[in-house]
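Starting from 1, each residue takes its place in the sequence as its number. Computed over heavy atoms, backbone and side chain alike; hydrogens, waters and symmetry mates excluded.
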Amino acid sequence: MNALLALPQAEDEAPSQAEAAYRQLRDKLIMLEIRPGEPINEGQVAAELGLGRTPVREAIKRLEVDHLVISYPRRGTFATNVDFTELADVSEIRELLEPLAARRAAKRASESMRRELLQVADAIAELGPGQGESRDLMRYDLMVHRLIYKAAANPHLESTLIRYDNLATRIWCVVLDKVPSVSGHITEHVDLLKAVAAGDADKAAELALHHVTSFEETIRKVL
């Protein structure tokens, strides 16, 4: 796990306060640190994050668009419930766009990005069976996907896929205790990252599709 702790961040550093609030609150919702249905108090969140209320308010508005929070007049803001019936819809979109992102990344990634992808692949390959806490491993899963989206060099595709991968990961986290092997899901990334780094667009697309379909199959087995 030590090697993974040193992995690079998939998103740009030094964000604005509003962006920082959005990212931190988003990932708390995805990883269920804020549970589905839990109320979100703007002032409390601002204090916890060490940020002002205005950037937190802006972040919450973006998270409503992402379907991670919902606001009701005179009642407040809450984390959305996880609707398992959305799994098929989310997977249908990801099955089309994940291979596209992997293919583009294989063709368009810069040399520095290819080195970064290989570094991540090597770190994941060092993981032993069952090594690492499940939720920590899911954070790395998010990071790997976001790196590939970034390497695809299409900001519209990147933002769309981040949104749907967030929803998929949130579903995964709900059933995490029932899934037999999270590490197996994570280590699937090794070959995908190497294919992207090597510029093998066809293989990268094929592996990306397999990763998404196996995710859906695993979830359905435990529902």
With clusters defined by side-chain heavy atoms of hydrophobic residues (ILVMFWY) lying less than 4.5 Å apart, directly or transitively, does Leu29 cluster with Ile70? no

Can you tell me which residue among Leu63, Val69, Leu51 is in a side chain to side chain contact (heavy atoms under 4.5 Å, CB included) with Leu25? Leu63

Give a yes or no on whether the backbone of Ile162 and the side-chain of Arg146 come within a donor-acceptor separation of less than 3.5 Å. no

Is there side-chain contact between Glu111 and Arg115, with at least one heavy-atom pair below 4.5 Å? yes

In this structure, CD1 of Ile171 is separated from CG of Asn166 (nearest 0.5 Å) by 11.5 Å

Examine distances only and state if a side-chain atom of Thr80 and a backbone atom of Leu68 form a donor-acceptor pair shorter than 3.5 Å. yes

Membership question, hydrophobic clusters at under 4.5 Å side-chain separation (ILVMFWY): are Ile93 and Leu161 in the same one? yes

Which heavy-atom pair separates Ala201 from Ala106 by the least distance, and what is that distance? CA-CB, 3.6 Å

Provide the closest heavy-atom pair for Ala208 versus Leu192 in the form atom of the first, atom of the second, distance. N-CD1, 4.0 Å

About how many Å separate CG of Leu193 and CG of Leu117, when rounded to the nearest 0.5 Å? 5.5 Å

Grouping I, L, V, M, F, W and Y whenever their side-chain heavy atoms are under 4.5 Å apart, do Tyr22 and Tyr149 come out in a common cluster? yes

For Ile124 and Thr187: C-alpha separation, side-chain torsions, deciding distance, then whether side-chain contact (heavy atoms from CB on, under 4.5 Å) applies. CA-CA 6 Å; Ile124 294 174; Thr187 54; 4.2 Å; yes

Verdict with reasoning, His211 to His145, per side-chain contact (heavy atoms from CB on, under 4.5 Å): CA-CA 11 Å; His211 185 70; His145 281 280; 3.3 Å; yes

Side-chain heavy atoms nearer than 4.5 Å, only ILVMFWY residues, links allowed to pass through others: does that put Met143 and Leu32 together? yes

Taking the side chain as every heavy atom from C-beta outward, state whether Leu209 and Glu98 have any atom pair closer than 4.5 Å. no

Scan residues 160-179 for pairs that pass ring-ring contact (aromatic ring centres under 6.0 Å, His included), counting only residues two or more places apart or in two chains. Trp172-His185, Trp172-Phe215

Apply side-chain contact (heavy atoms from CB on, under 4.5 Å) to Leu147 and His189, showing your working. CA-CA 11 Å; Leu147 273 177; His189 289 307; over 6 Å; no

Report whether Leu96 and Ile148 are members of the same hydrophobic cluster (ILVMFWY, side-chain heavy atoms less than 4.5 Å apart, transitive linking). no

Taking only residues at least two apart or on different chains, which pairs with a member in residues 40-54 satisfy salt bridge (Lys or Arg N to Asp or Glu O under 4.0 Å)? Glu42-Arg53, Glu42-Arg57

May I have all residue pairs that pass salt bridge (Lys or Arg N to Asp or Glu O under 4.0 Å) and include part of residues 163-175, sequence neighbours excluded? Arg94-Asp165

Got a second to check how far Glu38's CD is from Asn81's CG, nearest 0.5 Å? 11.5 Å

For Ala168 and Val90, work out which heavy atoms get closest and say how close. CB-CG1, 4.2 Å

So CG of Leu142 and OG1 of Thr169: to nearest 0.5 Å the spacing works out to 4.0 Å

Listed once per pair and sorted, the salt bridge (Lys or Arg N to Asp or Glu O under 4.0 Å) pairs that draw on residues 188-207, sequence neighbours left out: Arg103-Asp202

Apply side chain to side chain donor-acceptor pair (under 3.5 Å) to Arg108 and list each qualifying residue two or more places apart in sequence or on a separate chain. none

Is there a side-chain contact (heavy atoms from CB on, under 4.5 Å) between Arg220 and Phe84 once you walk through the steps? CA-CA 9 Å; Arg220 292 199 179 281; Phe84 290 108; over 6 Å; no

What distance separates Ile40 CD1 from Thr77 OG1, expressed to the nearest 0.5 Å? 6.5 Å

Which salt bridge (Lys or Arg N to Asp or Glu O under 4.0 Å) pairs, counting each pair once, include a residue from residues 74-87, with sequence neighbours left out? none

Should Glu19 and Arg23 count as an ion pair when the cut-off is N to O under 4.0 Å? yes

Please confirm whether the backbone N or O of Ala153 pairs with a side-chain atom of Arg104, one donor and one acceptor, at under 3.5 Å? yes

Which atoms form the tightest heavy-atom contact between Thr213 and His210, and what is the distance? OG1-O, 3.0 Å

Rounded to the nearest 0.5 Å, how far apart are CZ of Arg114 and CD of Glu116? 12.5 Å

Return the minimal non-hydrogen interatomic distance between Ala152 and Ala101, and the atom names on each side. CB-O, 3.6 Å

What are the two closest heavy atoms between Glu216 and Ser91, and how far apart are they? OE1-CB, 3.3 Å

